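Structure first, commentary second.
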Amino acid sequence: MRDAAVGLTVLGALLGLGCLSAHQHESNQTQSERKAAQRKRNQPHIVFILIDDQGFNDIGYHNPTIKTPTLDKLAAEGVKLENYYVQPICTPSRSQLLTGRYQIHTGLQHSIIRPSQPSCLPSHMDTLPERLREAGYSTHMVGKWHLGFYRKACLPTRKGFDSFFGSLTGSVDYYSYGSCDGPGVCGYDLHDDEEVAWGQEGKYSTTLFTQRARKILESHDPNGRPLFLLLSLQAVHTPLQPPKSYIYPYRDMANVARRKFAAMVSTVDEAVRNVTYALRKYGYYRNSVMIYSTDNGAQPFTGGSNWPLRGRKGTYWEGGVRGVAFVHSPLLKRRKRVSKDLLHITDWFPTLVGLAGGNISQSRGLDGFDVWPTISEGRESPRREILHNIDPLHKSSKAKSLWDTTVQAAIRVGDWKLLTGDPGHGDWVPPQMLPTLPGRWWNLERSSLLPSKSAAHKNIWLFNISGDPYERHDLADQRPDVVQQLLARLAYYNQTAVPVYFPPDDPRADPSRHDGAWVPWADEEQDEEGKYRGVYKKSKNSKKKKKKKKCRLCKLRSFFLKLNTGMMSNRI
């Protein structure tokens, strides 16, 4: 009996320990669930609105003649980013937003990805929506992609987005959704996920994209999964096609292109007003972060304006790379202010992943910084420099020194900015006076005007951007010490660069082979990246054609050179 009693006592003790262990496990599980729930509550909804080709002078709070009451109000209540940089053309900016890496690290150093090129974001590189989805987000994209689509693995839905509605190429007609890659190579470009969205002709794209964004907000539960929405409007990129009702408020503008462009900015303002209203109506607003950013500077020849900044879209002058941007959110700790801290479009990747409670430890080689404390609290930015780009295809010699100064490159370190090679057309273009457009968008997108003869031999420019944001005083000769320091930084970055990937056009891309639409054309098994491994050599005939195209713009170059001389002499 005594042994039985002892046995029962031991059994009871063991059962007690088992119950205690089970209780502790249950307690730990409950605690883990609580932490997960708390983290979920702290994850904000993120709405990123990306505008195409909006210049520094194309928003109301920089230029009162542009009517953007919604944007002005949201910016005034949030944080205006007045020392914020993007890339000078579409594809590079979009690639850096989604990867957090400079284009020297993605192989996209040269130009845009044209519709017929077998190129896209590197297959091995993670993206912002992928990291947000891992953190529990529902991810959606509406609007312009322009990051390649030659095979299905390149599509937005294969790069981290749960859904996609928009265009894959760089420029489409706002009503017909036709897109051309040069004369005669045209097709329909509107897609819903991975299918062609036929039958939408006649609907204005800015309105159509906004409606889809509102539909996403309406159908998603804001109290369930957090939401990431990238609304990438094609506006205000060419072709200039605003609805007539938006033109009337700008009827006093003499230049037709400028009038239409301003009207298209107003369509953007209305789109943002509708999205903001939907955020409030469907319960997102109090726990949301809205980011507004252009992708590059404006193209003055098609109605845009970067005044008083120097240069235009496609150049490394401030007019091409200093972007319009602001952040609006009830979660900002210090609102209603202007931030002059140095920020760059690559910073959004680590900033938004960090804000979402995600993990960037696996995202190796990021060039961006987490700048949320800078934006929200006004802390000093961790960023000290920006590599604007190094494009080895833009060079005219084989000089061997610390740095080949004929290579097109630009870098900002602290207050200093250095440019080498051909930085692009560098005039200070005032509000437009051109009666007609000088050429088709694909020529303006790919090339820049020739530099003036007097500056043809010059390969180095140095500016103190903080003291001279309009780049009027070149200090390269006075400060050779600074020039050498920045050339050394370019050489350092160049050691980390991957080869440029800029393959030739693929005839299989022609929409006439695909029922008249732009769609992926290469087999998934084909290794196009391995096939080309770099750039192709252009034929002599293509070089001759290119020279002829440039010559068409010679008169414009002369016109703006004389205009600038007159402005400077009159101290305007």
Side-chain angles (χ1 to χ4, degrees), residues 32-51 70-71 73-75 77-79 97-98 127-143 156-157 159-166 192-193 206-233 268-293 325-333 335 348-360 370 372 375-376:
S32 177
E33 289 174 354
R34 283 175 184 167
K35 284 183 178 179
Q38 180 65 31
R39 178 183 160 208
K40 196 173 184 179
R41 282 196 296 270
N42 291 336
Q43 290 178 302
H45 303 291
I46 301 169
V47 178
F48 197 112
I49 301 175
L50 187 64
I51 307 304
T70 301
L71 300 179
K73 186 174 186 294
L74 291 173
E77 293 173 351
V79 178
L97 167 65
L98 290 190
T127 67
L128 172 60
E130 285 175 342
R131 286 288 174 245
L132 291 176
R133 190 156 66 178
E134 287 175 3
Y137 275 69
S138 177
T139 58
H140 304 273
M141 180 176 175
V142 178
T157 47
K159 293 294 184 181
F161 288 103
D162 295 331
S163 75
F164 170 71
F165 181 76
D192 197 343
D193 288 335
T206 304
T207 304
L208 187 64
F209 293 156
T210 306
Q211 288 173 347
R212 176 55 67 97
R214 290 192 63 174
K215 186 177 179 181
I216 291 170
L217 293 171
E218 182 182 2
S219 59
H220 182 80
D221 178 12
N223 298 314
R225 294 177 66 189
L227 176 80
F228 172 59
L229 171 62
L230 173 58
L231 177 57
S232 175
L233 295 176
V268 169
D269 188 77
E270 182 177 282
V272 175
R273 177 168 63 88
N274 289 333
V275 170
T276 308
Y277 175 80
L279 289 174
R280 294 180 184 275
K281 179 179 179 180
Y282 300 120
Y284 295 87
Y285 181 76
R286 290 187 178 182
N287 188 35
S288 69
V289 174
M290 179 188 291
I291 300 154
Y292 181 94
S293 169
F326 64 82
V327 177
H328 179 91
S329 172
L331 305 178
L332 292 166
K333 293 182 179 178
R335 287 179 273 174
W348 294 121
F349 185 114
T351 299
L352 298 182
V353 173
L355 195 59
N359 181 14
I360 61 169
D370 185 344
W372 184 248
I375 295 170
S376 178

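Each residue takes its place number in the sequence, starting with 1. Computed from a predicted model, the values in this text were never measured in an experiment.
Of all heavy-atom pairs spanning L98 and P129, the tightest one is CD2-CD, 4.0 Å. Of all heavy-atom pairs spanning N359 and V353, the tightest one is N-CG1, 3.8 Å. Nearest heavy-atom pair across E130 and K159 is CG-O, 3.6 Å. S376 approaches K333 most closely through the heavy-atom pair OG-N, 3.1 Å. Among all heavy-atom pairs drawn from Y282 and P222, the shortest one is O-CG, 3.1 Å.
Side-chain contact check for L355 versus P44: some heavy-atom pair is nearer than 4.5 Å. In this structure the side chain of L128 never reaches within 4.5 angstrom of the side chain of L230, judged on heavy atoms. Between D192 and R212 the shortest side-chain heavy-atom distance falls below 4.5 Å.
Listed by chain and residue number, nothing satisfies the salt bridge (charged side-chain N to carboxylate O under 4.0 Å, His left out) test with D193 (two or more places apart in sequence, or in another chain).
Judged by distance alone, with hydrogens and angles left aside, the side-chain atoms of R225 form a donor-acceptor pair with the main-chain N or O of G136 at under 3.5 Å. Remark: the backbone N or O of I216 is not paired with any side-chain donor or acceptor of H140 at under 3.5 angstrom. In this structure a side-chain-to-backbone donor-acceptor pair under 3.5 Å is present from S329 to S288. Between the side chain of N287 and the main chain of N42, no donor-acceptor pair closer than 3.5 Å is present.
Of the charged side-chain nitrogens involved, at least one lies within less than 4.0 Å of a carboxylate oxygen, so that E77 and K73 count as a salt-bridged pair.
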Legend entry - Check against side-chain contact (heavy atoms from CB on, under 4.5 Å), T70 and Y277: CA-CA 11 Å; T70 301; Y277 175 80; over 6 Å; no
Inset, instruction - Decide yes or no on side-chain contact (heavy atoms from CB on, under 4.5 Å) for Y292 and H328, but give the supporting numbers first. - result: CA-CA 8 Å; Y292 181 94; H328 179 91; over 6 Å; no
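Relative ring orientation between F48 and W348 is described as perpendicular, the plane-to-plane angle rising above 60° on a 0-90° scale split at 30° and 60°. F165 and F209 have perpendicular rings, their planes meeting at more than 60° on a 0 to 90° scale where under 30° would count as parallel. Y284 and H45 have perpendicular rings, their planes meeting at more than 60° on a 0 to 90° scale where under 30° would count as parallel.
Distance check, rounded to the nearest 0.5 Å: CG of L50 to CE of M141 gives 8.0 Å. Between I49 atom CD1 and T210 atom OG1 the span is 8.5 Å, to the nearest 0.5 Å.
For the side chain to side chain contact (heavy atoms under 4.5 Å, CB included) with L227, the qualifying choice from I46, L217, T139, D221 is L217, the only one to do so.
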